[in-house]
Amino acid sequence: MHEFLFFTSWFVPFYSLLGAILTLPWSIGIIQRTGPRPAAYFNLLTTLVAFFHSLFVFQDIWNREPEILVITWFQAGDFNLSFALELSPVSIGAIVLITGLSLLAQIYALGYMEKDWSIARFFGLLGFFEAALSGLAISDSLFLSYALLEVLTLSTYLLVGFWYAQPLVVTAARDAFLTKRVGDLLLLMGVVVLSTQAGSLNFSDLYEWAQTADLNPITSTLLGIALIAGPAGKCAQFPLHLWLDEAMEGPNPASVMRNSLVVGGGAYVLYKIQPLLALSPVALNALVVMGTVTALGATLVSIAQIDIKRALSHSTSAYMGLVFLAVGLEQGGVALMLLLTHAIAKALLFMSSGSIIYTTQSQDLTEMGGLWSRMPATTTAFVVGSAGMVTLLPLGSFWAMLAWADGLVKVSPWVIVVLVLVNGLTALNLTRVFRLIFWGKPQQKTRRAPEVGWQMAFPMVTLTILTLLLPLMLQQWYLLPDWESIDWYITLSLFTSTVLGVSIGSTIYLHKGWSRSTILGWRFVQDLLGYDFYIDRVYRLTIVSAVAFLSRISSWCDRYLVDGMVNLVGFAAIFGGQSLKYSISGQSQGYMLTILVVISVLGFFISLSLGLLDKLPF
């Protein structure tokens with residue numbers, strides 16, 4: 001039985017795809033009398049089967065060697081297009097995480113979207129979403145990974161634009177799709193180059209090729225930058241980071257999946273191609289710079305946000321920046337550990353924020369307050385999720401940060417400064433958000449806010465328990481460092497940054513009546529951070545303006561040069577025809593004279609051109 005489950009674990013993504021297909025009769029309106037909820041139940045059932053299938057395999061996979069399944073898709077002559085699937089503790093563990101969080105997010109969606117008549121379409125998109133993520137987890141082929149990243153891009157567009165009747169939602173979906181297309185286009189270029197250089201796109205073959213590859217510096221640099229661009233777009237890294245903030249216009253259950261798993265999917269692909277990036281020191285340095293800028297910049301921007309989902313989404317970009325920094329410093333194992341701890345804590349935070357939005361019908365932090373006594377389950381979930389995000393002993397992120405910092409204290413000591421700053425500012429931001437939502441006096445929208453129903457409370461309580469038990473699971477998987485090897489100076493620095501962040505966030509003066517500070521200096525800083533360093537305006541003045549200028553030039557050339565030349569030829573033909581019809585006399589000598597004149601003129605020009613060619617020095 002165990003052997004059968006193991007060798008059929010490649011089928012797990014198809015469970016979710018089957019669930020998405022089963023929702024079609026309700027999604028497209030063929031079945032209407034029952035309402036849309038049966039579609040949700042079908043999708044939940046297939047996700048449940050996928051979760052238990054992967055969980056049973058994960059329990060026994062620690063005693064097995066990883067298996068690589070190669071599937072030939074198309075073969076003709078010397079052309080062989082195949083893709084490989086990896087069955088290993090990392091890939092199966094990723095599927096368990098994906099299907100588990102998807103199951104909880106779908107149960108959560110039953111309560112959050114119970115009054116939405118398009119819930120069948122939403123669950124169908126979630127199943128499509130989950131299938132792509134599960135396939136990405138077990139993919140051992142860069143070709144297949146790229147194809148699945150494209151599916152994720154499409155899924156993101158459809159989920160962000162789910163409420164398509166709202167203009168702001170349409171704009172957010174369009175921007176998310178186009179921004180990712182920039183990174184995907186460059187990644188496709190890298191895939192094509194690797195297929196010609198290495199002869200295979202399976203990761204195992206690419207790793208062997210990378211050990212002996214002899215590329216010139218320009219080729220290796222361009223290849224590395226192209227491979228980085230795709231994950232950078234998926235993980236909302238600078239300069240392709242603006243879409244994640246706008247994507248918060250979609251339904252909150254989709255935001256749970258997007259901020260915990262989708263961004264992690266891009267980082268997972270980056271982890272898989274790390275040996276290829278080692279061919280170019282410039283590419284690794286680009287990862288370090290990109291990760292550092294995004295981690296620090298996004299953390300600062302999150303502090304100035306007054307929208308609860310946007311304040312949390314910017315911290316997602318920041319932590320993905322830390323993952324990019326880890327991969328750039330060739331610390332792939334630590335990057336995976338950080339992805340695991342971040343996914344669980346961030347999913348819990350977005351579920352608690354979704355409960356607040358559902359109850360108060362508001363996302364504005366300045367309109368909230370005093371919810372801690374009215375929503376105890378939501379308050380507990382937010383507190384535990386926040387603690388799981390920062391280095392608070394003994395929760396998961398503490399060990400992820402410590403394991404990373406411990407290995408780099410002698411090689412790159414400046415990384416410790418980045419970790420301390422990001423951790424401290426994240427603690428400050430989460431404390432600020434907690435005070436604005438749960439502390440203080442109740443306001444108009446929170447005065448009678450009840451706790452959410454069991455469909456939304458059950459996933460939050462489950463993830464709360466899972467976040468608290470995560471250190472025990474890490475210990476069981478032998479992922480925690482030994483006590484003898486812990487650098488206590490780094491531990492004290494990280495823990496102190498958390499304490500300072502919480503202390504400052506608890507004591508800083510927050511006036512809900514001020515949308516902007518009355519002090520000019522603070523107002524400038526607040527606007528600078530609140531508008532994301534005005535990067536969108538910089539893009540509008542530079543890239544957008546340049547593209548618009550080139551478009552106007554292209555339009556002018558098309559209208560006056562290309563169309564003008566075609567119109568000139570047409571006008572000349574019409575004029576010549578109209579002129580010649582008056583020379584028709586019916587006498588053959590007139591026709592012969594016309595032919596001789598034309599041939600003489602042509603002969604003159606030909607002889608003139610030949611004479612000029614003879615005078616040339618070559």
K.L.:
Please list all pairs meeting ring-ring contact (aromatic ring centres under 6.0 Å, His included) that have one or both residues in residues 154-178, counting only residues at least two apart or in different chains.
P.N.:
F122-F162, Y157-F177

K.L.:
Under the criterion side chain to side chain contact (heavy atoms under 4.5 Å, CB included), I'd like the reasoning laid out for T99 against S134: C-alpha separation, chi angles, the key distance, then a yes or no.
P.N.:
CA-CA 8 Å; T99 54; S134 301; 4.1 Å; yes

K.L.:
Would a 4.5 Å heavy-atom cut-off, applied to side chains only, mark L101 and V256 as touching?
P.N.:
no

K.L.:
Quick one: does L436's side chain get under 4.5 Å of R432's, heavy atoms only?
P.N.:
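L436 vs R432: side chains touch.
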
K.L.:
List in chain and number order the residues that pass side-chain hydrogen bond (donor to acceptor under 3.5 Å, both in side chains) with E451, two or more places apart in sequence or in another chain; answer none if no residue qualifies.
P.N.:
T378

K.L.:
Quick one: which of F458, Y112, Y358, Y108 gives a side chain to side chain contact (heavy atoms under 4.5 Å, CB included) with V452?
P.N.:
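In the set F458, Y112, Y358, Y108, the residue that makes a side chain to side chain contact (heavy atoms under 4.5 Å, CB included) with V452 is Y358.
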
K.L.:
Any side-chain heavy-atom pair from R37 and E114 closer than 4.5 angstrom?
P.N.:
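R37 vs E114: side chains touch.
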
K.L.:
So, do L104 and M351 sit near enough that their side-chain heavy atoms are less than 4.5 Å apart?
P.N.:
yes

K.L.:
Is the shortest side-chain heavy-atom distance between P231 and Y268 below 4.5 Å?
P.N.:
no

K.L.:
Examine distances only and state if a side-chain atom of T46 and a backbone atom of N43 form a donor-acceptor pair shorter than 3.5 Å.
P.N.:
yes

K.L.:
Please check this pair: side chain of T47 against backbone of L103, looking for a donor-acceptor N/O pair closer than 3.5 Å.
P.N.:
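Side chain of T47 to backbone of L103, a donor-acceptor pair under 3.5 Å: no, none is there.
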
K.L.:
When you measure from the side chain of T294 to the backbone of G291, do you find a donor-acceptor pair of N or O atoms at a distance under 3.5 Å?
P.N.:
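Answer holds: no.
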
K.L.:
Can you confirm whether Y319 sits close enough to T426 that some side-chain heavy atom of one is under 4.5 Å from a side-chain heavy atom of the other?
P.N.:
yes

K.L.:
Is the backbone N or O of I508 less than 3.5 Å from a side-chain atom of R435, with the two atoms forming a donor-acceptor pair by type?
P.N.:
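It does hold such a pair.
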
K.L.:
Taking side chain as C-beta onward, heavy atoms only, is Y271 less than 4.5 Å from V323?
P.N.:
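Not in contact.
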
K.L.:
Do you know which two heavy atoms are closest between N252 and K309, and how far apart they sit?
P.N.:
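Taking every non-hydrogen atom into account, OD1-CE, 3.6 Å.
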
K.L.:
Measure the shortest side-chain to side-chain distance between L365 and D307 over non-hydrogen atoms and say whether it is less than 4.5 angstrom.
P.N.:
no

K.L.:
On a heavy-atom basis, which atom in C235 and which in G266 lie closest, and how many Å separate them?
P.N.:
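The pair with the smallest heavy-atom distance is SG-C, 3.7 Å.
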
